[in-house]
Student: 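My structure is below; once you've seen it, I'll send some questions.
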Amino acid sequence: MAVSIVWITAAEPEAAPAREESGMPEDPAEDMRRKAKDIERLAVELEGEAVSEDGAVRVVTGAAGNVKELDLRMSVYQMSGVELGELIVETIRAADRRTQADLAQRVSAIMGTALSPDDIGGSGLAPIDPEEPR
């Protein structure tokens, strides 16, 4: 099963006020507070969307790995429960991967250093072991 990815992202972080223009050096504590506020806003607002290849399942996830939207088309009723479950999980994971990659890229831009999704906690979703009894 293939999943296509569509990006939904939060607004760009606010630009820092230009204190250097007034001859005053930027306050490092204020700079860190601004960065923390921008990152906190991203963690709340950032979303990623994935749609299954056949369009039967559409998922929007948040930066914390939460599922914000799950849309199912009528065609899912032609699938077995196992097939549908696998397709939903695959689509959720695709949306989460995109969200985490976008979050890492945006936090990297704010902090001025290269980060990967693993550097900021990786996927917000716990791995699923198909052999583990439920």
Side-chain angles (χ1 to χ4, degrees):
M1 294 176 222
V3 176
S4 61
I5 298 175
V6 178
W7 296 275
I8 300 175
T9 56
E12 292 297 322
E14 297 175 16
R19 295 188 69 191
E20 288 80 21
E21 293 174 0
S22 65
M24 294 173 47
E26 184 159 338
D27 177 15
E30 182 58 36
D31 182 50
M32 188 55 70
R33 281 190 288 276
R34 180 186 50 78
K35 288 178 180 180
K37 181 180 174 184
D38 288 345
I39 292 168
E40 181 180 6
R41 186 179 51 73
L42 281 175
V44 171
E45 295 178 4
L46 196 68
E47 296 180 341
E49 178 182 38
V51 179
S52 63
E53 188 174 276
D54 62 359
V57 177
R58 178 184 157 274
V59 175
V60 176
T61 60
N66 54 318
V67 175
K68 292 186 168 191
E69 294 180 37
L70 173 62
D71 294 328
L72 304 175
R73 303 291 179 245
M74 293 300 289
S75 62
V76 300
Y77 295 107
Q78 298 170 1
M79 298 178 178
S80 72
V82 171
E83 290 173 322
L84 177 57
E86 288 175 351
L87 185 58
I88 288 171
V89 169
E90 182 180 326
T91 308
I92 289 171
R93 292 201 179 282
D96 185 61
R97 279 191 306 273
R98 179 62 215 141
T99 305
Q100 296 305 314
D102 193 20
L103 180 62
Q105 183 268 327
R106 288 170 177 258
V107 170
S108 293
I110 291 168
M111 297 304 295
T113 185
L115 297 170
S116 73
D118 290 334
D119 293 330
I120 58 172
S123 174
L125 301 173
I128 296 175
D129 182 358
E131 303 302 318
E132 184 178 306
R134 313 240 171 192

Student: Ion pair present between Arg93 and Asp96, side-chain N to carboxylate O less than 4.0 angstrom?
Tutor: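 No, this pair does not count.
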Student: Donor-acceptor pair, Asp119 side chain versus Ser116 backbone, under 3.5 Å?
Tutor: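 Flag set: sc Asp119 to bb Ser116 pair under 3.5 Å.
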Student: Checking Thr99 against Leu46 for the side-chain contact (heavy atoms from CB on, under 4.5 Å) test, could you report, in this order, the C-alpha distance in whole Å, the side-chain angles of both residues, the deciding distance, and whether it holds?
Tutor: CA-CA 7 Å; Thr99 305; Leu46 196 68; 4.3 Å; yes
Student: Quick check: does any side chain N or O of Ser108 sit under 3.5 Å from a backbone N or O of Ala114, one acting as donor and the other as acceptor?
Tutor: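 No; judged by distance alone, with no hydrogens or angles, the pair does not exist.
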Student: NZ/Lys35 to CG/Asp38 distance, rounded to the nearest 0.5 angstrom?
Tutor: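 The distance works out to 10.0 Å.
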Student: Taking all non-hydrogen atoms of both residues into account, name the closest pair between Thr61 and Ile92 and its distance.
Tutor: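 Taking every non-hydrogen atom into account, CG2-O, 3.9 Å.
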Student: If I take atom CG from residue Leu87 and atom CD from residue Glu53, how far apart are they, to the nearest 0.5 angstrom?
Tutor: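 Nearest 0.5 Å value for the CG-CD distance: 10.0 Å.
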Student: Please determine whether a side-chain nitrogen of the Lys or Arg among Glu30 and Arg33 lies less than 4.0 Å from a carboxylate oxygen of the Asp or Glu.
Tutor: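 Yes, Glu30 and Arg33 are salt-bridged.
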Student: List the atom of Ala63, the atom of Leu42, and the distance in Å for their closest heavy-atom pair.
Tutor: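 That closest heavy-atom pairing would be CB-O, 4.3 Å.
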Student: Kindly give the heavy-atom pair with the smallest separation between Gly62 and Lys68, and that separation in Å.
Tutor: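 Heavy atoms only, the tightest pair is CA-CE, 3.9 Å.
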Student: Using a 3.5 Å distance criterion without hydrogens, assess whether the side chain of Ser52 forms a donor-acceptor pair with backbone atoms of Val57.
Tutor: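 A pair under 3.5 Å: yes.
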Student: Test side-chain contact (heavy atoms from CB on, under 4.5 Å) on Val60 and Arg58; report intermediate values, then the result.
Tutor: CA-CA 7 Å; Val60 176; Arg58 178 184 157 274; 3.4 Å; yes
